[in-house]
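Everything on this sheet refers to the single structure shown next.
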Amino acid sequence: MDTKYKTEGETAELWPSLPYEAWKETLDTLHMWTQIVGKVRMELSPPVNHWWHVTLYVTPRGLTTSSIPYQGRSFAVNFDFIDHHLYILTSDGTTKALPLIPRSVAASYREFMDCLHALGIDVTINTLPSEVRNPIRCDEDEVHASYDPVYAHRFWRVLVQTDTVLQRYRSPFLGKSSPVQFFWGGFDLALTVFSGRRAPERPGADRMTRESTSHEEISCGFWPGTDGFPIPAFYSYTSPEPPGLKTAAIRPAAASYNPEMEIFVLLYDDVRNASSPEQALLEFFQSTYEAGATLAKWDREALERSVV
């Protein structure tokens with residue numbers, strides 16, 4: 001159903017208000033919880049290029065690890081942002097559930113690991129959080145202890161809508177592309193497409209960066225904000241960035257190039273308040289892709305199919 005046929009209430013529910021400052025403490029706590037779960041997947045899953053074996057995925061109720069192999073069995077860990085529980089489901093039919101409530105990261109870590117052990121799953125993770133400033137080890141973190149179910153639910157609603165638009169955007173692309181996936185390090189939902197060519201080496205890059213940026217790519221997605229950029233926004237970048245991209249014409253008019261982060265940005269509220277949020281967001285993803293792929297001289301004829 002097009003947004004123009006929806007009531008204001010329906011649109012507000014699909015694209016709810018998500019001001020960064022209103023739920024920052026919950027965001028920071030949830031970020032650490034997803035890191036704990038994601039690191040379990042990382043330790044037990046076979047490596048996949050660009051770190052795709054560590055991510056989470058949007059579900060009709062929250063986020064999931066998908067199936068994780070373990071000693072002839074498998075299990076999955078699911079965040080449920082409707083009933084506000086964390087579920088551990090195993091292939092032999094056993095389950096554990098932890099309530100998502102205000103409590104410290106350290107307490108959540110201990111209970112989660114105890115539940116895994118009770119299910120016969122023993123795993124050790126690096127408890128130092130990734131990609132955050134001033135990290136506190138998860139087994140020692142008594143600072144982050146907030147959980148507002150209203151804002152956790154709103155965040156998930158945004159992920160659901162963004163996931164749908166990203167899948168539609170990816171549909172005509174014939175080349176290598178990632179799944180739509182949630183990166184618990186950067187706490188963002190992303191989709192990446194590739195030209196098929198290797199990218200130049202980055203001197204001095206760490207192992208994570210070398211693996212994640214090994215090939216030419218155009219990536220786009222959503223993040224809910226950080227201390228350095230305290231506004232929820234959609235983003236897009238081309239790597240390596242071709243000459244002329246900074247001044248390329250993109251849509252919609254509210255989108256712009258951020259020279260400090262070297263990415264295109266479209267604020268979430270500009271999408272939310274558009275007459276058709278889905279169309280505005282699709283135009284952003286598509287126009288930034290077209291600009292990057294054209295200027296970087298990708299073989300678009302081979303990589304794309306016509307949309308009738």
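All values below come from the heavy atoms of this structure, side chains included, with hydrogens, waters and symmetry mates left out.
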Using 30° and 60° as the class limits, which term best fits the ring planes of [X] and [Y]: parallel, tilted or perpendicular?
{"X": "Phe81", "Y": "His84", "result": "tilted"}
{"X": "His50", "Y": "Trp52", "result": "tilted"}
{"X": "Phe155", "Y": "Phe187", "result": "parallel"}
{"X": "Phe194", "Y": "His215", "result": "perpendicular"}
{"X": "Trp15", "Y": "Tyr268", "result": "tilted"}

Main-chain N/O of [Y] paired with [X] side-chain donor or acceptor, under 3.5 Å:
{"X": "Tyr289", "Y": "Thr238", "answer": "no"}
{"X": "Arg154", "Y": "Ser17", "answer": "yes"}
{"X": "Asn126", "Y": "Leu128", "answer": "yes"}
{"X": "Trp298", "Y": "Gly196", "answer": "no"}
{"X": "Thr34", "Y": "His31", "answer": "yes"}
{"X": "Thr294", "Y": "Ala291", "answer": "no"}
{"X": "Lys24", "Y": "Asp227", "answer": "no"}
{"X": "Arg251", "Y": "Gln286", "answer": "no"}
{"X": "Ser171", "Y": "Gln167", "answer": "no"}
{"X": "Asp270", "Y": "Leu266", "answer": "no"}

Would you say the side-chain atoms of Glu142 and Ser104 include a donor-acceptor pair closer than 3.5 Å?
yes
Going hydrophobic residue to hydrophobic residue with side-chain gaps under 4.5 angstrom, can you get from Tyr87 over to Val40?
no
Leu89-Leu98 co-clustered via ILVMFWY side chain contacts under 4.5 Å
no
[Y] ring center within less than 6.0 Å of [X] ring center:
{"X": "Phe229", "Y": "Trp223", "result": "yes"}
{"X": "Tyr147", "Y": "Trp33", "result": "yes"}
{"X": "His53", "Y": "Trp51", "result": "yes"}

May I ask you to establish whether Arg73 and Tyr70 are in a cation-pi arrangement, using a distance under 6.0 Å from NZ or CZ to the six-membered ring centre and at most 45° from the ring axis?
no
Below 4.5 Å, heavy atoms only, C-beta onward: do [X] and [Y] meet side chain to side chain?
{"X": "Val158", "Y": "Pro16", "value": "yes"}
{"X": "Leu14", "Y": "Arg157", "value": "yes"}
{"X": "Tyr151", "Y": "Pro19", "value": "yes"}
{"X": "Leu63", "Y": "Val58", "value": "yes"}
{"X": "Thr162", "Y": "Phe234", "value": "yes"}
{"X": "Tyr109", "Y": "Ile125", "value": "yes"}
{"X": "Asp148", "Y": "Trp23", "value": "no"}
{"X": "Glu140", "Y": "Val105", "value": "no"}

salt_bridge(Arg103, Glu111) N-O dist < 4.0 Å
yes
Reference residue Tyr257; test ring pair (Phe, Tyr, Trp, His ring centres under 6.0 Å); the match among Tyr237, Phe264, Tyr235
Phe264
Phe112: which residues meet the ring pair (Phe, Tyr, Trp, His ring centres under 6.0 Å) condition with it, sequence neighbours left out?
none
With Val77, the side chain to side chain contact (heavy atoms under 4.5 Å, CB included) member among Thr64, Val37, Leu56:
Val37
